[in-house]
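Here the structure is laid out as C-alpha cells; the discussion comes afterwards.
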Amino acid sequence: MEIPASWGALSQLTITISQLLVVAVTAVLLIIMRHIVMKTKMGMAMRALSFNPVAAQLMGINVDVVISFTFGLGSALAGAAGILTSIQQPSIDPLMGVNAGLKAFVAAVLGGIGNLQGAALGGLLIGLLEALIVGYGAENGLSTYRDAIVFGVLILILIFKPTGLLGASEREKV
Amino acid sequence: MMKGRPQLILLAVLLGSMLASHILGGGAAPQVPGLNPYYFDILIGIGINIILAAGLNLVNGYTGQFSLGHAGFMAVGAYASAWLTLRFGYSLGTGTVGTTTIFVLALLAGGLGAALAGWAVGVPSLRLKGDYLAIVTLGFNEIIKGVIQNAEPLGAQRGLGGIVQHTTFFWTFAFAALTVYVVVNLVNSTYGRGFLAVRDDEIAAESMGINTTKYKVLAFVIGAFFAGIAGGLYAHFKQFIHPEGFNFMKSVDVVVMVILGGNGQHHGSLPDRGPFDDSARVAALRLSYGMAAGLAAADRGEPHDHLFPAAHHLHDCAPAGLVRALGRPEEPAEMSTLLELDNVTVQFGGLKAVSDLSFKIAEGELIGLIGPNGAGKTTVFNLITASISPPRVPFPSLANPWSATAPTKSRPAAIARTFQNIRLFASLSVFDNVRTACNMHLRRGIAQALIRGPRFAAEEREIEATVIELLEIFGLAAERDQSCKSLPYGDQRRLEIVRALATRPKTPAPRRTRRRHEPDRKTGTDETDPFYPGKIRPRRAARGARYESRHGHLPAHQRARLRQENRRGAPRRKSRPIRKSSRPISERMTTMLEIKDLVVHYGSIAALHGISLSVEQGSIVTLVGANGAGKTTTLRTISGLVPAKSGTITFNGEDITRLPPHKIVACGLAHAPEGRMVFSNLTVMENLRMGAYLRKDTQNFPKDLDYIFAIFPRLKEREKQTAGTLSGGEQQMLAIGARTDEQAEVPDAR
C-alpha cells in the first residue's frame with residue numbers, strides 16, 4: 001500500500017494489507033472479548049468464580065461449564081493470534097507459540113492481570129519497546145541487550161505499580 | 001519427619017555418598033567396569049536437580065512466592081565459580097588437595113554471589129504477588145542472561161569452555177544432602193514456621209509479629225545460594241556453559257520439579273476436611289457484622305510498670321463513636337497511657353475514612369469502638385495494628401510510637417489482634433498455628449534451627465509447653481494435631497483468639513461483639529454459631545492476665561473428655577431441630593424439605609450420624625448444637641457441597657441428595673453460608689445480579705431490586721462500587737440482598 005508523498009517522512013513507510021488486517025482483527029476481537037467478560041452472564045460468572053468458587057456454586061453457577069468455557073475462549077483467541085502470526089511469517093512450526101506465549105504473559109502482567117485494556121496496552125508497549133531498542137540500538141550495540149532492557153523497564157514499572165499499569169490495587173479488607 | 005537427630009542422618013548420607021563416590025571414582029569416567037558413563041551423567045544430573053528443586057521449594061512451596069528465575073541464580077553461580085577456577089585453579093598447587101580446595105571455595109563463592117543476586121531480586125519484589133512476582137523474577141533471569149551474553153570475559157555468546165572437571169559424585173550428593181537438611185530443618189522449627197505462615201496468610205502473620213519481609217527475602221537468599229552451588233557443580237561437570245542453558249525454560253523445569261513433588265506440602269498429620277474447605281476466605285466469620293477485631297497490648301518482655309494504668313481520656317471521635325465499655329472506676333487515676341491516637345485522619349483517595357480521631361487507652365482499660373456501618377471502625381483497627389501501611393496514610397501525630405510502625409519493623413508486635421473474618425494459617429495444624437505466634441519471642445535464630453543444639457531444643461520445649469497450656473485453657477488440646485481447617489467454626493474462632501494470646505498480651509481488651517441471628521436462607525433455619533462461648537475475662541493479676549473459658553471450672557482432662565464425647569456423638573452431640581411453626585398445626589402446609597437418616601463422613605471421621613428433619617412450608621427451623629455438632633455440615637450437605645454417605649434429602653418431592661450445588665440452587669434452595677459471601681471484585685449491582693443468576697423471569701428483577709434498595713438504601717448509594725470497598729456491615733447487607741434475589745422457595749425470616 002502506497003503512502004502519499006505529501007505525508008513527509010511517513011511516506012517512506014510500507015504498510016501491507018495484511019498488517020492492517022492484523023490491527024483490525026485485533027481491535028474487533030478485543031471489543032468482543034470485553035463484551036463477553038463485562039456484559040454477559042457467562043462473563044459475570046467467570047469473574048465471580050475467580051474470586052470465590054464456593055460462593056459461586058451456591059449462586060447456582062455450574063463451575064465446570066464456566067471453567068471449560070473460559071479455557072475454550074482463551075484457546076480460540078490464541079488460535080486467532082496464531083493465524084494472524086502465520087500471515088506475517090513465511091513459515092510456521094509447532095513451537096512458534098512458545099516465545100509469543102511468554103510475551104503474552106509478560107504483556108498481560110504489565111497491563112494488570114484481569115484487565116483487558118491493560119493486556120492490550122501491555123502488548124503494545126512491549127512490542128514498541130522491542131522495536132525501538134532494536135532500531136535505535138543497532139549502531140551502539142544496545143540491541144543485544146533487547147530482552148534485558150525490556151524486562152528492566154517491566155520490573156521498574158511493576159515496582160512502582162505492583163499490580164500492573166491498569167490493574168486495580170488489591171488491598172484486601174481485613 | 002527428621003525428629004530427634006537430623007544431624008546424624010545428614011552425617012550418614014555424607015559418609016554414604018563418600019563411600020559411593022570412592023567406588024564410582026571421581027570425574028565423569030566412572031571406574032566401575034560396566035557402569036555406562038551415560039548413567040553416571042544422569043546420576044550427577046539428579047543430584048544437581050535435587051539441589052535446585054529443594055532450594056526453589058523453600059521459595060515457591062514453603063514461602064508461597066512464585067519465582068520463575070531460578071535458572072538465573074544458577075547461572076550466577078555457574079559463571080562465578082567457573083571464572084574463579086579458571087583464574088585461580090592452580091594457585092594452591094596442582095595436587096588434588098589444592099585444586100579441590102579451590103573448587104569448593106569457588107563453589108561457595110558462586111553460591112554467595114547467587115545469594116547476593118537473590119537478595120537483589122527479593123528486596124524490590126516484595127510488594128509483588130503471584131503472577132507479578134513470577135514475571136519480575138523471570139525478568140531478572142533474562143537480565144542476568146543478557147548481561148552474561150554481552151560479557152566478553154565470560155565468553156559472551158560463545159559460552160565459556162575449558163572448565164576443569166572437578167564435580168564428583170561425592171560433592172554433588174554432599175551438597176544435595178546439605179540442601180535438603182537446611183530446608184527441612186529450617187521449616188521444622190518454630191523459626192521456620194514463619195515461612196509457612198507467610199504463605200498461608202501474610203496479613204495474619206504480620207499481626208503475629210512475624211517479619212514477613214525478612215522471611216521472604218531469606219527464602220530468596222537461601223534458595224538462590226543453593227541454586228548457585230548447583231550451577232557451580234553443573235559447570236564443573238559439563239566443562240562448558242552457555243547463557244542459553246540458563247534460560248526461562250530451565251527455570252520452568254525446576255518449577256515443574258517442585259510442583260511434581262508437591263509444592264511445599266507440609267503434610268498435616270490428620271485428615272483434612274477435604275477440598276471444599278479450601279481457603280481462609282471460605283471460612284469467614286459470621287459475626288463479622290460488629291467490630292470483630294480485638295486489640296490487646298502485648299507484653300514485649302520489657303517492664304511496662306511506668307506505663308501502667310492511666311486516667312481515661314475519651315475525646316469525641318467522629319465519625320465512629322468511642323465508648324468505654326468496661327473501665328474500672330475504682331482504679332487510681334494516675335495510670336499512664338498505653339495507646340494514644342491524636343487527631344488521626346485516614347484518607348482513601350477522596351474518601352475520608354477516619355477524620356480527627358483521638359483517644360487514649362490506659363493499661364487495663366477495655367474500650368469498645370462502636371458506630372454505624374461504614375463509620376470507620378475497622379479502619380481504625382487496621383491503622384493501629386498497621387495493617388494499613390503508614391506511608392499511605394497521612395496521620396499527623398500518633399503519640400504512641402507503637403502504632404507509628406508496623407508491628408514487625410522495629411520491634412515485635414505490641415498489639416495482638418484477631419480478624420473480622422477468621423484468618424488462620426490454613427495448612428498448619430492447630431498446634432502449629434499457635435506455635436507460630438510465639439515466633440516473635442524467639443531467642444534462637446536461623447543458625448540454631450540448623451545446628452539444633454540443646455539450647456534450641458530447650459526453647460522448642462518451652463514453646464511447646466506454653467502452647468499446650470493455652471490450648472488446654474481453651475479446650476483445644478485434644479485437637480492439637482488436627483488441621484486447623486478441620487475444626488468446627490466456633491473452634492476456629494477460638495483458635496484464632498488463642499493464637500493472638502500466644503503473642504503474650506498483657507491487657508487484653510475484648511472485641512466488641514454482637515450476636516448475629518441471621519436466618520439461614522437455605523432451610524429457613526437460624527444457624528447461629530454460638531460465638532466463642534467462653535468469653536475471655538481478663539483479670540489483672542500481678543503480672544500477666546488469666547483467662548477463663550466456658551469449662552473453666554473443669555480440670556483439663558475432663559474438658560478434653562467432654563470434647564471427645566461431643567465428637568463421638570454422645571447425647572449432647574446431636575443437632576436438634578427445633579420446630580417453630582408459624583401456623584397452627586391443623587393447617588400445616590406441605591413438607592418442603594425432608595432429610596432422612598443423613599450420614600456424612602469426612603474421611604474416616606463421622607460428622608453426621610443419621611440426622612432426620614423436615615421443614616414445612618411457612619415454617620422456620622433452627623439447628624441448635626454445640627461447636628462441632630454438625631450444624632454447618634448439615635447445611636453444606638443439603639446444598640451439595642459435601643457428599644452424603646447415606647440417607648436422603650428431598651426437596652419438593654425431588655431427591656436432591658446427589659445433585660451438584662448449582663442444580664440444587666436451580667431447584668430453589670438458597671444457602672447463605674457462614675462468613676461473608678460477596679464477590680469483592682464485582683460491583684454491588686453485579687453482586688445482586690449474581691444472586692439472580694438462575695432466574696428466568698428477568699422482567700421482575702428491577703422490581704426486586706427496588707425492594708432490596710428499599711431495605712438497604714446504602715446499597716443503592718454504592719451501586720457502582722466494587723463490593724470489596726464496602727464496609728463490613730455493608731457487605732453483609734449485600735450478602736443478604738443477593739440471597740433475596742435468588743427467590744428461594746423455602747420462606748425465610750425476612
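Letters A, B, ... mirror the listed sequences (proteins, then strands); counts begin at 1.
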Keeping the roles fixed (side chain from [X], backbone from [Y]), state whether a donor-acceptor pair exists under 3.5 Å.
X: A/Gln89; Y: A/Ser86; answer: no
X: B/Glu686; Y: B/Thr683; answer: yes
X: B/Ser680; Y: B/Ala723; answer: no
X: A/Asp147; Y: B/Glu142; answer: no
X: A/Asn115; Y: A/Leu166; answer: yes
X: B/Gln731; Y: B/Val678; answer: no
X: B/Tyr132; Y: A/Thr163; answer: yes

Residues 25-49 of chain A: residues contacting chain B (heavy atom under 4.5 Å, by number): A/Met38, A/Lys41, A/Met44, A/Ala45, A/Arg47, A/Ala48
Among pairs that include at least one residue of residues 90-104 of chain A, which meet side-chain hydrogen bond (donor to acceptor under 3.5 Å, both in side chains), considering only residues two or more places apart or in two chains? A/Lys103-A/Glu130
What residue, out of B/Ile143, B/Leu682, B/Ile135, has the most heavy-atom pairs lying under 4.5 Å from chain A? B/Ile135
Go through the side-chain N and O atoms of B/Gln157 and B/Glu244 and say whether any donor and acceptor fall under 3.5 Å apart. no
Checking [X] against chain B: side chain, backbone, both or neither under 4.5 Å from a heavy atom?
X: A/Leu154; answer: side chain
X: A/Ala56; answer: both
X: A/Leu102; answer: side chain

At a heavy-atom separation under 4.5 Å, does B/Phe248 approach chain A through its side chain, its backbone, both, or neither? side chain
Is it the side chain or the backbone of B/Pro660 that comes within 4.5 Å of chain A heavy atoms, both, or neither? neither
Counting heavy-atom pairs under 4.5 angstrom with chain B, the leader among A/Asp64, A/Ile159, A/Asn62 is A/Asn62
